[in-house]
Protein chains: 2
Amino acid sequence: MATDDLSDLNALIEMMAKLPGLGPRSARRAVLHLIKKRDTQMQPLSRMLTHVAETARACLNCGNISTLEVCSICASEKRANGQICVVEEVSDLWAMERSGMFGGRYHVLGGTLSPLDDIGPEALRMPRLKDRITSEAVQEVILALNATVDGQTTAHYIAGELAHTGVAMTTLAQGVPIGGELDYLDDGTISAALSARKEMPR
Amino acid sequence: MATDDLSDLNALIEMMAKLPGLGPRSARRAVLHLIKKRDTQMQPLSRMLTHVAETARACLNCGNISTLEVCSICASEKRANGQICVVEEVSDLWAMERSGMFGGRYHVLGGTLSPLDDIGPEALRMPRLKDRITSEAVQEVILALNATVDGQTTAHYIAGELAHTGVAMTTLAQGVPIGGELDYLDDGTISAALSARKEMPR
Ligand SMILES: [Zn+2]
Ligand SMILES: [Zn+2]
């Protein structure tokens, strides 16, 4: 791609350094590590990264990441148990799945309400969530948003929007620490909070 | 590549988690980050990773990583100043180059002598180093190996092997901390140690 023999390497290092948790030094070490393991690690990684970059997309129904139009959770009849767990991000969905305690489906908002950043109900896929209450015969919506101000504001907004549907609305129990983000919790904490979930106050 | 819509994602996360400095959690976050920035970060990274995996190779002369048969340092007449700096790894060469204080060429051993691991003089590219003393009219060999037991053992071995050539042999000055590895030092420390380098005791 470039004429200088180091500029491609440097470009690769700069790209790696932009990943969360990596900086220039760890990016350099990662790139050298990969070049040393060219056949066993670098080639498979580059192929899989290219493949996922080409195929990963948001599930049209719930917002989960999938390589199919509709993710395997939405496609599974077993997950149609009348419960939808609303989360902010895909990483939260993954954290819930790792806990192994939830048998229903998800709705990934993709963030929280933020009028200042122009993130409104449409951006959070609220219309789709309302449709799903009916089309998937939902009886309970579990609002598993982060225990942050933005997360709780958004949870109350959603509770208000869904009040007329008569669906039960619950939140994760005490157990999620104040200011805590789901993706940082251990699986046991998530399991306990899910088991002890309580009715959302109206 | 797989039929299950999550197995490719999980495979990618597992591959990323093998990089030094990353673990399962940071690999998950990195992959989600990339998918969110598919066009601006994931596609360019996958293209550059594929390109470097296809083109990066060891310089036939010095062992530096390059996308050419002979790296730009070996190809540059300006770097033919009669000095060769011997380092263990490419990361050490990069650390030396960042210090901006060395105008000669390098010889990358690719490790240290280790009879137990079957790493002998051939594996460390010693024959090539001996050839270069003559072919590149070298007057000084700077042994910039790590200040570890293995590094210093290897430095003494090299000094013995080159003794008959009459070439001057130096080591980096005090300033490299005991047990320290070049790649972890700040540029100023490397500069100071290089300026105050001393004759290798025979
Ligand atoms: Zn889905
Ligand atoms: Zn070279």
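Naming: A, B, ... by sequence-line order, numbering from 1 per chain.
Every pair tested for salt bridge (Lys or Arg N to Asp or Glu O under 4.0 Å) that includes a residue from residues 144-156 of chain B fails, sequence neighbours excluded, so the list is empty.
By the 4.5 Å heavy-atom criterion applied to side chains, W94(A) and N10(B) are not counted as neighbours. In this structure the side chain of T67(A) never reaches within 4.5 angstrom of the side chain of L9(B), judged on heavy atoms. In this structure the side chain of P44(A) reaches within 4.5 angstrom of the side chain of M15(B), judged on heavy atoms. Contact check for M42(A) versus E54(B): no side-chain heavy atoms found under the 4.5 Å cut-off. The side-chain heavy atoms of Q43(A) and T50(B), taken from C-beta on, include no pair separated by under 4.5 Å.
When every heavy atom of P20(A) is checked against every heavy atom of A30(B), the shortest pair comes out as CG-CA, 3.9 Å. In terms of heavy-atom proximity, D8(A) sits nearest to V52(B) at O-CG2, 4.2 Å.
The candidate with the highest count of non-hydrogen atom pairs below 4.5 Å against chain A, out of A56(B), G21(B), G110(B), A58(B), is A56(B).
Only the side chain of R38(B) comes within less than 4.5 Å of a heavy atom in chain A; its backbone stays farther off. Neither the backbone nor the side chain of K37(B) comes within less than 4.5 Å of any heavy atom of chain A. Contact of R57(B) with chain A is made through backbone and side chain together, with heavy-atom distances under 4.5 Å. The contact between L12(A) and chain B is made by backbone and side chain atoms together, counting heavy-atom distances below 4.5 Å. The parts of L45(B) that come within reach of chain A are both its backbone and its side chain, each placing non-hydrogen atoms under 4.5 angstrom from that chain.
Within the model, atoms CD of E14(B) and CE of M48(A) stand 9.5 Å from one another, a figure rounded to the nearest 0.5 Å. Put simply, CD1 on I65(A) and NZ on K36(B) are 8.5 Å apart, with the number rounded to the nearest 0.5 Å. Between the CZ atom of R28(A) and the OG atom of S91(B) there is a distance of 9.0 Å, given to the nearest 0.5 Å.
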*Could you give me the CA-CA distance, side-chain angles and deciding distance for L32(A) and E89(B), then say whether side-chain contact (heavy atoms from CB on, under 4.5 Å) is met?*
CA-CA 10 Å; L32(A) 282 173; E89(B) 300 287 354; over 6 Å; no

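Checking each of L34(A), L22(A), L19(A) against L19(B) for a side chain to side chain contact (heavy atoms under 4.5 Å, CB included) leaves exactly one that passes, namely L34(A).
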